[in-house]
> 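Below is one structure. I have some questions about it.
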Amino acid sequence: MAEYTVLTVNPGSTGTKIGLVKGEQIILDLNVDTRPGEFEGCGSFWEQAPIRKAKILEMLKEHGTNLEEIDAVSGRGVGVCSCEGGTYEIDELAFEHAKEDVAQIHHAATLGIMLAKMIGDELGKPSYFVNPMSTDELCDEARMTGIKGLYRPSHAHPLNMKQVAIHHSALQGKKYEDCNYVIMHMGGGTSIGAHRKGKAIDQTRIGDGQGPISPNRAGDLCIDDVMTLMKERNLTIEEINEFAAKKGGLMDLCGTDDLRKIKNELIPAGDKMAKLAYHAMEYTMVKWAAMMAGALKGEVDAILMTGGLAHDKELVSMLKRDLEWIAPVYVYPGSFETEALSFGVLRVLKGEEAAKKYTGEPVWNGF
């Protein structure tokens with residue numbers, strides 16, 4: 001069977017991460033950095049696209065890449081309407097929606113789809129996005145709140161979570177679509193989801209004030225807490241949202257979101273709040289994982305841990321201690337975004353699954 005080669009494109013605020021994967025082996029894993037001021041004069045992310053594209057192709061050539069050997073390009077799926085998980089071929093509609101940022105993400109990651117199609121078109125190869133940020137597979141009950149017309153959206157880490165689930169299932173001689181998992185993506189922001197038979201039917205809302213305490217997210221903020229912050233601290237809604245999205249959690253409790261500093265400096269120096277915050281973070285992770293096990297009605301094949309915090313052996317040990325009563329715990333530290341972006345496309349190229357068509361309509365738009 002032919003070994004296909006896929007180029008992955010994963011843009012960030014200060015550069016673009018690219019990968020070259022052949023036959024499921026990562027050949028190149030590079031960061032295409034941008035110089036300070038390089039995007040001056042660019043009024044939108046779209047205007048950065050030609051600059052980033054040229055730098056990507058230049059770096060590939062510098063590393064001796066034969067561009068003619070690339071079979072497909074896969075870009076980070078950000079900015080498009082909500083859709084179910086899977087691999088989507090990038091057509092003009094997906095391109096335009098990413099360009100318009102219909103999901104209102106306001107981040108350079110929306111360039112993933114655009115850059116993938118631009119490069120793919122230049123090479124005469126197809127382009128795809130995989131398990132986009134807007135992946136929404138919530139069951140109807142998970143969408144509900146107790147207020148008519150107010151519904152829960154899907155905000156988690158589908159790209160990495162689904163790749164880990166697919167990988168783990170394969171190691172067990174099973175398919176992701178046949179298994180039930182509680183998956184914990186543990187990083188600066190932590191999301192925890194209930195995956196039933198290949199669908200993320202429920203999950204925490206990362207950065208929305210729901211979920212566990214994490215290095216730079218406050219975790220759960222009930223409405224009474226929000227009102228207290230507004231009344232007693234005179235904070236605006238926008239300021240409170242910053243605690244939910246990027247300035248809360250260990251950052252606010254300890255003055256840093258660097259777990260190494262907290263564990264190697266603050267706690268050994270006798271900082272009681274730092275120690276309490278660290279243990280409270282683990283406590284809230286356990287609580288939310290147990291809730292997701294409840295969403296699966298206790299039918300959990302495994303709990304899968306991934307993300308940067310999964311490198312913390314002490315944290316993982318505590319989580320295992322407190323969660324193995326639910327199901328066996330498996331740990332896959334770090335990020336698998338390059339693998340996820342490429343393997344989804346490889347499955348399509350090998351005929352193992354069909355590419356999906358992006359409709360441009362939200363996968364769910366009310367009851």
Side-chain angles (χ1 to χ4, degrees), residues 7-20 26-65 67 70 73-80 95 98-101 103-123 127 129 132-133 157 159-160 187-189 206-207 214-217 238-239 241-252 254-262 265 307-309 311 334-338 341:
L7 170 67
T8 66
V9 182
N10 192 350
S13 299
T14 59
T16 307
K17 184 176 181 180
I18 61 172
L20 197 64
I26 298 177
I27 299 172
L28 291 177
D29 195 9
L30 306 168
N31 285 306
V32 185
D33 297 323
T34 54
R35 297 185 300 274
E38 192 163 11
F39 295 142
E40 283 185 9
C42 293
S44 66
F45 292 123
W46 161 242
E47 293 176 16
Q48 298 178 13
I51 301 171
R52 292 189 185 238
K53 174 189 161 210
K55 290 176 71 70
I56 290 169
L57 294 175
E58 179 183 353
M59 179 167 280
L60 288 171
K61 289 178 180 178
E62 287 177 357
H63 283 77
T65 304
L67 300 180
I70 294 174
V73 185
S74 181
R76 180 78 181 272
V78 177
V80 292
F95 182 93
K99 182 178 176 181
E100 296 167 12
D101 188 13
Q104 295 295 292
I105 301 301
H106 308 298
H107 192 277
T110 55
L111 285 164
I113 286 175
M114 292 181 269
L115 287 169
K117 182 164 177 57
M118 291 167 66
I119 295 171
D121 287 352
E122 181 167 323
L123 300 179
S127 54
F129 63 92
M133 184 178 180
H157 293 92
L159 185 63
N160 198 48
I206 184 172
S214 66
N216 50 44
R217 310 289 209 280
E238 290 75 20
E239 289 171 329
N241 185 59
E242 287 200 324
F243 283 111
K246 58 185 177 182
K247 292 184 178 180
L250 301 185
M251 174 67 80
D252 190 58
C254 305
T256 179
D257 61 355
D258 186 339
L259 206 58
R260 292 167 298 184
K261 182 176 181 180
I262 291 170
E265 297 179 25
L309 294 189
H311 287 291
S335 172
F336 299 88
E337 291 180 349
T338 297
L341 289 171

> As an exercise, state the distance from CG of Leu7 to CG of Leu123, rounded to the nearest 0.5 Å.
8.0 Å
> Using 0.5 Å steps for rounding, measure from the CD1 atom of Ile70 to the CG atom of Leu20.
5.5 Å
> At what distance, to the nearest 0.5 angstrom, does CZ of Phe95 lie from CH2 of Trp46?
4.0 Å
> What heavy-atom pair brings Arg217 and Ala244 nearest, and what distance separates the two atoms?
CD-O, 3.2 Å
> How long is the straight-line distance from CG of Asn241 back to NZ of Lys246, given to the nearest 0.5 Å?
8.5 Å
> Taking Lys53 as the fixed residue, which of Glu122, Gln48, Glu58 is the one that meets the side chain to side chain donor-acceptor pair (under 3.5 Å) rule?
Glu122
> Looking at CG of Leu159 and CE of Met133, how far apart are the two atoms once the value is rounded to the nearest 0.5 Å?
11.0 Å
> Measure the shortest side-chain to side-chain distance between Leu111 and Val9 over non-hydrogen atoms and say whether it is less than 4.5 angstrom.
no
> Is Lys61 close to Leu67 at the side-chain level, that is, under 4.5 Å between some pair of heavy atoms?
yes
> Do Leu28 and Ile18 have side-chain heavy atoms sitting under 4.5 Å apart?
no
> Taking everything shown except Lys261 itself, do over 12 heavy atoms lie less than 6.0 Å from its NZ?
no
> Just wondering, do Phe39 and Glu47 contact through their side chains at under 4.5 Å, heavy atoms?
no
> Look at the side chain of Thr8 and the backbone N and O of Ser74, then say whether any donor-acceptor pair between them is shorter than 3.5 Å.
no
> Which atom names give the shortest non-hydrogen contact between Ser214 and Gly188, and what distance separates them?
OG-O, 2.9 Å
> Has Asn160 got a side-chain atom pairing as donor or acceptor with Ser335's backbone, closer than 3.5 angstrom?
no
> What are the two closest non-hydrogen atoms of Met118 and Ala49, and how far apart are they?
SD-CB, 3.9 Å
> Identify, with sequence neighbours excluded, every residue that meets salt bridge (Lys or Arg N to Asp or Glu O under 4.0 Å) alongside Arg76.
Glu337
> Keeping the roles fixed (side chain from Asp257, backbone from Leu250), state whether a donor-acceptor pair exists under 3.5 Å.
no
> So which atom in Asn31 and which in Met59 form the shortest heavy-atom distance, rounded to 0.1 Å?
O-CE, 3.8 Å
> Would you say the side-chain atoms of His107 pair up with the backbone N or O of Ala109, donor to acceptor, closer than 3.5 Å?
yes
> Is the shortest heavy-atom distance from the side chain of Lys99 to the side chain of Ile113 under 4.5 Å?
no
> Check whether any side-chain N or O of Thr110 sits under 3.5 Å from a backbone N or O of Val78 as a donor-acceptor pair, and report yes or no.
no
> For residues Ala103 and Val80, report the shortest heavy-atom separation together with the two atoms involved.
CB-O, 3.4 Å
> May I ask you to check whether over 12 heavy atoms, not counting those of Met114, lie within 6.0 Å of atom CE?
yes
> What is the distance from atom OG1 of Thr256 to atom CD1 of Ile262, rounded to the nearest 0.5 Å?
5.5 Å
> Which atoms form the tightest heavy-atom contact between Arg52 and Pro11, and what is the distance?
NH1-CB, 3.9 Å
